[in-house]
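Heads up, the thing below is written out as structure tokens.
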Amino acid sequence: MIGLVDCDNFFVSCERVFDPSLEGKAVVVLSNNDGCVVARSNEAKAMGIAMGCPAFKLSSITSQYSQSNSEDLALITLSAQHRLYRDMSARVMTLLAEQVSHLQIYSIDEAFFVLPDSSKSEELLRQMQQLVWRLKRDIGVPVSIGVAPNRTLAKLASHIAKRERRTGGGNGVYLLDSPQQIATVLQTTAIDDVWGIGPRLAAKLRQRGIYTAAQFSQMPQRWVSLQCDTTLQRTYHELCGQEGHGLPTSNVSHSQSVTVSRTFGHLITEQSDVAQAVTTFAETVAEQLRTEHVVAGSITVWVTGDRHREDLPYYANSCQLRLDTPASDTPTIVQYALDALNHIYRRGYAYRRAGVIATNVTTTDSVQLNLFDHCDYARRRRLMQAVDGINHHYGRRVLGLAANYGDRPWTSTPAKLNSLATQAAGLYIYSGMVKKNEGSP
DNA sequence: TCTGGGGTCCTAGGACCC
DNA sequence: TCTGGGGTCCTAGGACCC
């Protein structure tokens, strides 16, 4: 059996741990730049606020809701603090790893694990309820757990657990194991609510008269093998209750790619400003590669204009460069990123977003060296170890590239920070350090 | 008239996920 | 005024190999 732990309204729940006054209130967390909604409390969901809703639409939704329900409802909006969420996620995952076997972290707020087949249903339920209770008590984060024969069904089970809890019943755990029970659940599951079936595939399936998960699971196997690609075939088999391929699906434990990208606070036009942003992103990419002990084989840089500004000419492009020798040291990654930017930057356009992606990622010890490359890798590695060590000890970005020093014209306006949570996570130490060193970069 | 058969690797783009 | 950021996997097609 496969279990899935899924944190409830994760970012909002993290904020509530540090500010209990948010409990019971309608709360949303906004993306970078306070652009759109990325997390909603149950109260906010009940108001009809959709995931991804742009921030500027929130006030009209709130006032509309207040009018039609004749009550004055205040919506609390918070700026995202991803460092805090990553820290809380790590705490959740660490506790889980102690409690279950074969934990596979699927996202910042979700993880699959394996349960022994032999356990009795009642015993299984009791254990899972205990787990829900411990996560709430020790970390403060509410979670829902779904248990089923495979991951696709475990996903459905966790949705049911969440729904039951939202409507007042249930204890955060749902066990989906008997064939009759599975058949009943599939009948009430719309085809686009199935994990792995998004808007495009759902539209295709509906064209063929398939509207529910049950209808899909009843299609003849021959039809499925002719009409569906391998991923959709896997989903089909799992809906039919067949065992998944077990965990984990891949034996590669490190990231396949590392991305850092941002939407700028406002439109920027100068190449030097775009270059500074790209330098910062590349620096972070390199740091992350090193913490995972991997190297990048290629670096991609992309830039885009603003899709929403019809009065300006739109331009978007990307460039991928292959490294002579895979690397993770900051100067090399930044150099390739800036070379790539040189290929795609065009004067006369306004830029809204940019990003740096490391791909062809391999482990440091499996690097193929270049015959004509005379770089002293040992020396470079020692340099980066020293830089990482200093930044780890004194705070992020105390020591960085001089090219990246000074004003950051591309950053967003200061976010509406929740100071309690900020202090608790020990953030922003580096800004104090940078000030102290002013004039002597 | 008639033009093989079996591969690998890479890239771009599309679909999905949170 | 105002629309995020970070991932995975699969497939088709091109370029190349013998």
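Keep in mind that the numbers below use all heavy atoms, side chains included, and drop hydrogens, waters and symmetry copies. Convention: sequence-line order gives letters A, B, ...; per-chain numbering from 1.
Between the side chains of A:Glu15 and A:Tyr85, a donor-acceptor pair is found at a separation under 3.5 Å. If you check the side chains of A:Ser144 and A:Asp6, you find no donor sitting under 3.5 Å from an acceptor.
Across all strands, A:Leu201 comes closer than 4.0 Å only to sugar-phosphate atoms, never to a base (heavy-atom distances). Here A:Gln233 lies out of heavy-atom contact (under 4.0 Å) with every strand. Residue A:Lys204 is classed as having no contact, given no heavy-atom separation below 4.0 Å to the nucleic acid. Counting non-hydrogen atoms under 4.0 angstrom, A:Arg86 reaches nothing in the nucleic acid. In this structure, A:Phe10 reaches neither bases nor backbone, as no heavy-atom distance under 4.0 Å exists between it and the strands shown. Nucleic acid contact class of A:Val361 (heavy atoms, under 4.0 Å, all strands): none.
Nearest approach of A:Ala327 to A:Ile333, heavy atoms of both residues: O-CD1, 3.5 Å. Between A:Ala350 and A:Leu312 the shortest heavy-atom distance is CB-CD1, 4.2 Å. In terms of heavy atoms, A:Gln181 sits closest to A:Tyr174 at NE2-OH, 3.4 Å.
Note: CD1 (A:Ile105) to P (C:dT8) measures 14 Å, nearest angstrom. Rounded to whole angstrom, the span from the CD1 atom of A:Ile197 across to the P atom of B:dC18 amounts to 13 Å. Summarising the geometry, the separation between CE on A:Met51 and C1' on B:dC17 is reported as 12 Å, rounded to the nearest angstrom. Residue A:Leu232 contributes atom CG, which lies 16 Å from atom C1' of C:dT8 at whole-angstrom precision. Between the CZ atom of A:Phe112 and the P atom of C:dT8 there is a distance of 15 Å, given to the nearest Å. Taking atom CD1 of residue A:Ile357 and atom C1' of nucleotide C:dG4, one finds them 15 Å apart after rounding to whole Å. Note: CD (A:Gln104) to C1' (C:dT8) measures 11 Å, nearest angstrom. One can place CG of A:Asn360 at 10 Å from C1' of B:dT11, the figure rounded to the nearest angstrom.
Using a 4.5 Å heavy-atom cutoff, the side chains of A:Tyr106 and A:Leu4 are not in contact.
Which of B:dC18, C:dG6, C:dG4 sits closest to the side chain of A:Ser31 comes down to C:dG4. Each of C:dG6, C:dG4, B:dC18 was ranked by its minimum atom distance to the side chain of A:Thr263; first place goes to C:dG4. Of the listed nucleotides (C:dT8, B:dC18, C:dG5), B:dC18 has the atom at the smallest distance from the side chain of A:Tyr106. Listed nucleotides C:dG4, B:dC17, C:dG7 differ in distance to A:Cys36; the shortest reach to its side chain belongs to C:dG4. Side-chain proximity of A:Gln256 to C:dT11, C:dG4, C:dC9: nearest is C:dC9. Proximity note for A:Arg234 (side chain, C-beta onward) versus C:dC9, C:dT3, B:dC18: the nearest is C:dC9.
Checking the phosphate oxygens (OP1, OP2) of B:dA12, a side-chain nitrogen or oxygen of A:Gln320 falls inside 4.0 Å. Side-chain nitrogen and oxygen atoms of A:Thr230 include at least one within less than 4.0 Å of the OP1 or OP2 phosphate oxygen of C:dT11. The phosphate of C:dG5 (OP1 or OP2) has a side-chain N or O of A:Asn32 nearer than 4.0 angstrom. The side chain of A:Arg322 places an N or O atom within less than 4.0 Å of a non-bridging phosphate oxygen (OP1 or OP2) of B:dT11. Between A:Thr231 and C:dC9 there is no side-chain N or O to OP1 or OP2 distance below 4.0 Å. At C:dG7, none of the side-chain N or O atoms of A:Ser107 fall inside 4.0 Å of OP1 or OP2 (strictly under the cut-off). For C:dG6, one of the phosphate oxygens OP1 or OP2 lies less than 4.0 angstrom from a side-chain nitrogen or oxygen of A:Arg262. Residue A:Arg352 places at least one side-chain N or O closer than 4.0 Å to OP1 or OP2 of C:dT3.
Using modelled atom types, one side-chain atom of A:Arg352 and one backbone atom of A:Phe264 make a donor-acceptor pair closer than 3.5 Å.
If you take atom P in C:dC18 and the same atom in B:dT3, they sit 25 Å apart, rounded to whole Å.
Residue ring and nucleobase are not stacked for A:His308 and C:dC2 under a centre distance beneath 5.5 angstrom and an angle between planes beneath 30°.
Both A:Asp229 and A:Ser261 lie near DNA chain C, and the one whose nearest nucleotide falls closer to the 5' end is A:Ser261. Residue whose closest nucleotide on DNA chain C sits further toward the 5' end, between A:Gly52 and A:Thr259: A:Gly52.
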